[in-house]
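Numbers restart at 1 for each chain; the letters A, B, ... are given by sequence-line order, proteins then strands. The basis for the numbers below is simple: all heavy atoms, side chains too, and nothing from hydrogens, waters or symmetry mates.
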Amino acid sequence: MSEVYLSNYYLPTRKEDPADAEVSSHRLMVRAGMIRKLSSGVYSMLPLGLRVQARVNNIVREEMNRAGGMEVRLPIMQPRSLWEQTGRWSVYGPEMMRFKDRKDAEYGLGPTHEEVITDLIADEVDSYRDCPLIFYQIATKFRDEIRPRFGVMRSREFEMKDAYSFHADEDEARETYRKMETAYRRIFDRIGFNYRQVEAATGAIGGSLSHEFMVLAETGEDAVLSCTDCDYAANREKASGLVSESHPEAGEDVKELEEFPTPGVETIEDLLEIDPEASPERQVKTMVYMIDGRPTAFLLPGDYDLNETKIAEESGVEIEGMSPGEIYDAFGAHPGSLGAVNLSEASNEVQVWADLALKERYNLYTGANRDGYHYRGVKVERDLEIDRWCQVRLSKPGEGCPHCESGQLEEQRGIEVGHIFYLGDKYSSALKAEITTATGSSQPMIMGCYGIGTSRIIAAAIEQSHDEQGIIWPQSIAPFDLYILPISWQDERQREVSERLAEKFSNLGYEVLVDDRDVSAGVKFNDSELIGIPYRLTLGRSLENDEVELLIRSTGETEEVPLEDIVDRLKELKAQGE
RNA sequence: CGGGGCGUGGCUCAGCUUGGCUAGAGCGCUGCGUUCGGGACGCAGAGGCCGCCGGUUCAAAUCCGGCCGCCCCGACCA
């Protein structure tokens with residue numbers, strides 16, 4: 001495809017790690033001359049980096065087109081009035097970058113484009129016959145992240161593919177959702193990722209059906225729980241594992257409820273110090289929040305954390321924290337002494353939600369709702385007044401799989417590179433994107449939206465594939481396919497063969513980089529490995545026997561190949577994906 | 001936003017505690033020469049408002065105050 005000569009190319013590689021880079025991908029992208037930081041979470045993309053980006057985007061674009069998508073380009077600056085129509089001008093909060101123009105009109109820099117695309121078609125799509133419609137763009141997004149991190153992994157200005165679909169009814173929307181799911185799998189398979197598709201929380205964007213695509217890597221910022229035996233995998237907040245039926249109190253006699261003094265006890269650990277029997281799994285943790293203006297106590301085993309995301313999502317309510325003063329007024333005790341025994345005596349407006357893991361449990365400990373006292377011998381169904389049973393705990397590894405019931409959940413770290421949502425009519429209703437149905441009535445279109453972090457993909461690929469020497473690109477997105485390394489550019493034979501090979505491979509569709517710099521061989525070797533080109537041809541002493549040395553970056557193996565065989569040898573290797 | 005740290009040639013850092021004369025190192029860069037299969041060597045050089053503003057002092061990279069920027073941990077987050 002093209003031949004690039006390094007002496008005419010801008011490839012500022014570095015010997016030393018940058019001082020501000022924590023993870024491998026960030027370090028290597030800077031060292032390999034792919035990116036440079038302008039400001040916190042804001043990066044310039046250099047020629048080598050942009051080559052990788054272009055290849056990633058190509059794959060994404062091909063698969064989006066295959067799935068019926070139509071590429072568009074939507075404005076980055078978006079007027080306040082539009083965002084007010086969906087209520088997100090206030091909901092999105094400080095994460096949206098905002099500014100005013102010279103007339104004092106307010107704008108936001110688009111973190112996502114539901115409003116713009118919906119508004120765009122609202123007036124012009126009038127009939128169910130026009131559906132489905134799938135639009136996508138690959139463009140720069142802005143989010144004022146609380147804490148930008150890890151180079152392009154979490155930056156404030158980044159590139160993303162976002163797609164939006166419009167449908168006449170729910171079935172059609174679901175069908176497109178499935179199509180996108182397939183397209184996403186094809187994309188991540190083609191790139192060569194080791195990834196998991198997981199059930200995801202839908203969060204503030206709304207809707208009911210959602211999956212994330214997580215590239216598995218130690219440095220991932222998200223926790224994924226996946227089944228050891230089947231395909232089940234979920235974002236940790238979304239996961240609903242099955243708890244073991246064997247409790248620590250199994251086999252013990254059921255004790256009576258007994259109040260006892262616990263001066264100064266405020267935490268699970270404090271109680272354990274007073275009574276060594278009160279291990280965390282035997283304590284009932286009581287956490288309180290406001291739900292629709294009603295104080296609510298959530299009960300869960302003491303060795304678990306509360307899962308606010310899941311509670312909010314499954315009950316469809318907003319949950320808000322309470323101040324210590326509000327808690328005392330509602331419960332008559334401070335947070336360290338809360339408990340659900342006789343709660344109705346303290347207040348009749350309080351409701352109690354208990355985690356499923358507490359079913360049938362007994363001989364437990366909990367706060368007495370009176371500062372300085374706790375109960376022991378608590379039997380959940382006998383002593384506590386529960387209004388609702390549901391999952392309020394954050395699932396942990398080791399819980400049973402809810403799908404196959406034979407496997408266990410294990411935790412892995414993941415980098416979120418894709419997220420798909422079934423949206424429903426949240427935006428189409430707000431923005432009056434309505435169509436006439438087959439029966440002649442008017443109704444809002446059903447929507448879906450689908451994102452892929454195209455710049456983040458680059459970092460994820462490096463996290464998943466690098467070594468001490470540098471990056472090891474998968475063939476699918478490597479900036480070049482072949483690195484031609486003549487030991488000495490002064491050597492006439494080496495120069496002549498380099499040029500000939502470069503032209504030949506270029507004509508065969510390869511992207512070729514020729515290291516024609518007048519630097520020592522070691523520099524060339526090191527740079528070629530740092531930037532991670534899949535194949536390297538070294539032209540040196542063996543050229544006297546009409547041979548070149550082939551290095552396969554991914555395996556580190558080298559072999560001497562006769563000049564006349566090199567084209568076939570590379571074709572062979574590419575075909576078998578090495 | 002809370003806690004911690006940092007800011008000195010292009011890069012990575014020392015110097016600051018205990019103020020003192022021309023502000024240093026390695027890498028990188030320029031020129032010449034020697035090298036030429038794993039980040040070569042010699043010689044000669046260029047390059048710094050020590051983040052910014054103010055204060056203390058005979059004297060500030062160094063001490064004090066304010067501001068700006070960057071990083072880490074946490075909270076938070078389609």
Visitor: With distance as the sole criterion, do the side chain of Glu16(A) and the base of G28(B) form a donor-acceptor contact below 3.5 Å?
Guide: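 No.
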Visitor: Looking for any heavy atom pair under 4.0 Å, which part of the strands does Glu529(A) touch: base, sugar-phosphate only, or nothing?
Guide: base
Visitor: Find the partner of A44(B): check Watson-Crick (N1-N3 plus N6-O4 or O6-N4) and G-U wobble (N1-O2, O6-N3) distances, both under 3.5 Å, and reply none if neither fits.
Guide: U30(B)
Visitor: To check you understand the geometry: which heavy-atom pair defines the closest contact between Leu6(A) and Tyr483(A), and what is its length?
Guide: CD1-OH, 3.6 Å
Visitor: Looking for any heavy atom pair under 4.0 Å, which part of the strands does Pro111(A) touch: base, sugar-phosphate only, or nothing?
Guide: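 Since a base atom lies under 4.0 Å of Pro111(A), the category is base.
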Visitor: If we call it a pair only when both distances are under 3.5 Å in a Watson-Crick or G-U wobble match, what pairs with G74(B)?
Guide: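 With both distances under 3.5 Å, G74(B) matches C1(B).
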Visitor: Nearest whole Å is fine: how far is C70(B) C1' from Phe150(A) CZ?
Guide: 16 Å
Visitor: Across the strands shown, which category fits Glu549(A) at heavy-atom distances under 4.0 angstrom: base, sugar-phosphate, nothing?
Guide: base
Visitor: Could you let me know what C49(B) is paired to, Watson-Crick or G-U wobble, both distances under 3.5 Å, or none if it's on its own?
Guide: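 The base-pairing partner of C49(B), which may sit in any strand shown, does not exist here.
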Visitor: Both Gln469(A) and Arg14(A) contact RNA chain B. Taking the nearest nucleotide for each, which residue is further toward the 5' end?
Guide: Arg14(A)
Visitor: For G39(B), what is the paired nucleotide under Watson-Crick or G-U wobble rules, both distances under 3.5 Å?
Guide: none
Visitor: Nearest-nucleotide wise, let me know which of Arg149(A) and Phe525(A) is further upstream toward the 5' end of RNA chain B.
Guide: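 Per heavy-atom nearest nucleotide, the more 5' residue is Phe525(A).
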Visitor: Determine whether the aromatic ring centres of Tyr184(A) and Phe213(A) lie less than 6.0 Å apart.
Guide: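 Centroid distance Tyr184(A)-Phe213(A): below 6.0 Å, so yes.
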Visitor: Please classify the nucleic acid contact of Arg154(A) as base, sugar-phosphate, or nothing, using heavy-atom distances under 4.0 Å.
Guide: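 Here Arg154(A) touches the bases of the nucleic acid.
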Visitor: Using a heavy-atom cut-off of 4.0 Å across all strands, would you classify Asp527(A) as base, sugar-phosphate, or nothing?
Guide: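 Base, at least one base heavy atom under 4.0 Å.
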Visitor: When only distance counts, do a donor and an acceptor, one from the side chain of Arg536(A) and one from the base of G38(B), lie under 3.5 Å apart?
Guide: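 For Arg536(A), whose side chain was compared with the base of G38(B), there is a donor-acceptor pair (under 3.5 Å).
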Visitor: Quick one: do Glu221(A) and Arg154(A) make a salt bridge, cutoff under 4.0 Å?
Guide: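 Yes, Glu221(A) and Arg154(A) are salt-bridged.
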Visitor: Should the pair Trp83(A) and Tyr92(A) be assigned to parallel (<30°), tilted (30 to 60°) or perpendicular (>60°) ring geometry?
Guide: perpendicular
Visitor: Between Glu468(A) (CD) and G38(B) (P), how many Å, whole number?
Guide: 20 Å
Visitor: With both distances under 3.5 angstrom, what nucleotide forms a Watson-Crick or G-U wobble pair with C58(B)?
Guide: G20(B)
